[in-house]
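Okay, structure first, notes after.
Note that these values count all heavy atoms, side chains included, but never hydrogens, waters or copies made by symmetry.
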Amino acid sequence: FEGIASLVAQRCLGGRATRGWVTRRSGDGGIDFVNRLDVGVGFGSLGLVVLGQAKLKRPDKGSVSGRELARVVSRLRRGWIGAFVTTGVYSREAQSEVLGDGFPVLLINGRRLADELLKELDETGLSLEQLLAREEQWYEQNQSALAPEHVLSGVQAGQQIWPTTPADGQ
């Protein structure tokens, strides 16, 4: 689901958003994916880190709480934004907290998730099975333990940050 959530967050953020990677399960600190949002053009442009959380939640089993949103908010640094994608809904308190405190977190509920996936199917001409297979492959190829800020340097999942050099002229 984390790969699908990354795709949907990218779509919701618009044309200048790109996908980075999904975090490895252990030690992810509550962050499931990292994307990038570019704003501005030319010399005045900048990239923003998008920290994402994906939560499978049945609406009949409760809603996403403010406490669950707080995990993402607590990991944001100055200038970063969050994206929280769920198959369920957000509690009234969680929504009020995000709005009232001005947290830079994009809330994507199950309805918006479904709408964006339907648009993706329509735009690409893929079947649901093909889309899921494509996203499973993307997920497998884009797992990383990189620190989120590396998404700003264009580093990709699986890529070395520092080039290796032969030791002692070997």
Side-chain angles (χ1 to χ4, degrees), residues 1-15 17-37 48-149 151 157:
F1 180 62
E2 291 87 351
I4 294 285
S6 171
L7 170 68
V8 170
Q10 175 197 26
R11 290 184 57 87
C12 290
L13 289 166
T18 55
R19 295 166 79 182
W21 54 82
V22 290
T23 59
R24 296 212 167 104
R25 295 207 187 277
S26 62
D28 68 7
I31 299 304
D32 293 322
F33 63 90
V34 178
N35 285 358
R36 175 184 171 137
L37 177 63
L48 302 174
V49 173
V50 180
L51 295 183
Q53 175 71 35
K55 180 68 80 177
L56 288 170
K57 197 167 209 71
R58 289 178 42 176
D60 62 333
K61 297 290 183 185
S63 54
V64 175
S65 69
R67 181 181 201 133
E68 290 169 295
L69 290 173
R71 272 187 93 182
V72 173
V73 171
S74 71
R75 291 181 175 58
L76 295 176
R77 294 186 188 170
R78 183 182 302 249
W80 291 10
I81 60 176
F84 199 111
V85 183
T86 183
T87 53
V89 296
Y90 297 93
S91 70
R92 189 174 305 276
E93 294 78 19
Q95 294 175 58
S96 295
E97 191 171 323
V98 168
L99 291 172
D101 291 341
F103 292 141
V105 179
L106 174 64
L107 301 180
I108 303 169
N109 65 15
R111 175 62 188 257
R112 180 76 188 271
L113 171 74
D115 288 345
E116 291 300 328
L117 289 175
L118 287 171
K119 288 177 190 174
E120 181 74 11
L121 291 171
D122 186 54
E123 291 168 11
T124 62
L126 297 173
S127 68
L128 180 58
E129 293 78 18
Q130 291 169 323
L131 175 67
L132 293 174
R134 182 191 79 183
E135 291 307 308
E136 184 177 359
Q137 182 178 18
W138 184 89
Y139 176 85
E140 293 301 326
Q141 293 174 346
N142 289 282
Q143 294 183 41
S144 180
L146 287 170
E149 57 270 16
V151 77

Quiz item: Under the criterion side-chain contact (heavy atoms from CB on, under 4.5 Å), which of D122, L132, L131 is the partner of L117?
Solution: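 Result: among D122, L132, L131, L131 is the only option passing the side-chain contact (heavy atoms from CB on, under 4.5 Å) with L117.
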Would you say that [X] contacts [Y] through its side chain, given a criterion of any heavy-atom pair below 4.5 Å between the two side chains?
X: V73; Y: V98; answer: no
X: V105; Y: L51; answer: no
X: T86; Y: L113; answer: no
X: L13; Y: I81; answer: yes
X: Q53; Y: R75; answer: no
X: E135; Y: L7; answer: yes
X: T124; Y: R134; answer: yes

Quiz item: Is D115 paired with R111 through a side-chain N to carboxylate O contact shorter than 4.0 Å?
Solution: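 The answer is yes: the pair qualifies as a salt bridge.
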Quiz item: Around E149, counting heavy atoms of other residues, nucleotides and ligands shown, do more than 12 lie under 6.0 Å from its CD?
Solution: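 Counting other residues, nucleotides and ligands, CD of E149 exceeds 12 neighbours.
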Show the nearest heavy-atom pair for residues [X] and [Y], with the distance to one decimal.
X: G20; Y: V151; answer: CA-CG2, 4.1 Å
X: V89; Y: N109; answer: CA-CB, 4.5 Å
X: L76; Y: G82; answer: CD2-N, 3.8 Å
X: G66; Y: A94; answer: N-CB, 3.5 Å
X: F1; Y: V85; answer: CE2-O, 3.9 Å
X: V34; Y: T23; answer: CG2-CG2, 4.4 Å

Interatomic spacing from [atom1] in [X] to [atom2] in [Y] - rounded to 0.5 Å:
X: W21; Y: Y139; atom1: CH2; atom2: OH; result: 15.0 Å
X: F33; Y: Q143; atom1: CZ; atom2: CD; result: 14.5 Å
X: I108; Y: F84; atom1: CD1; atom2: CZ; result: 10.5 Å
X: Q95; Y: L69; atom1: CD; atom2: CG; result: 9.0 Å
X: C12; Y: K119; atom1: SG; atom2: NZ; result: 7.5 Å
X: R67; Y: E93; atom1: CZ; atom2: CD; result: 14.5 Å

Self-check item: Stepwise side chain to side chain contact (heavy atoms under 4.5 Å, CB included) test for E68 and K55
Solution: CA-CA 9 Å; E68 290 169 295; K55 180 68 80 177; 3.3 Å; yes
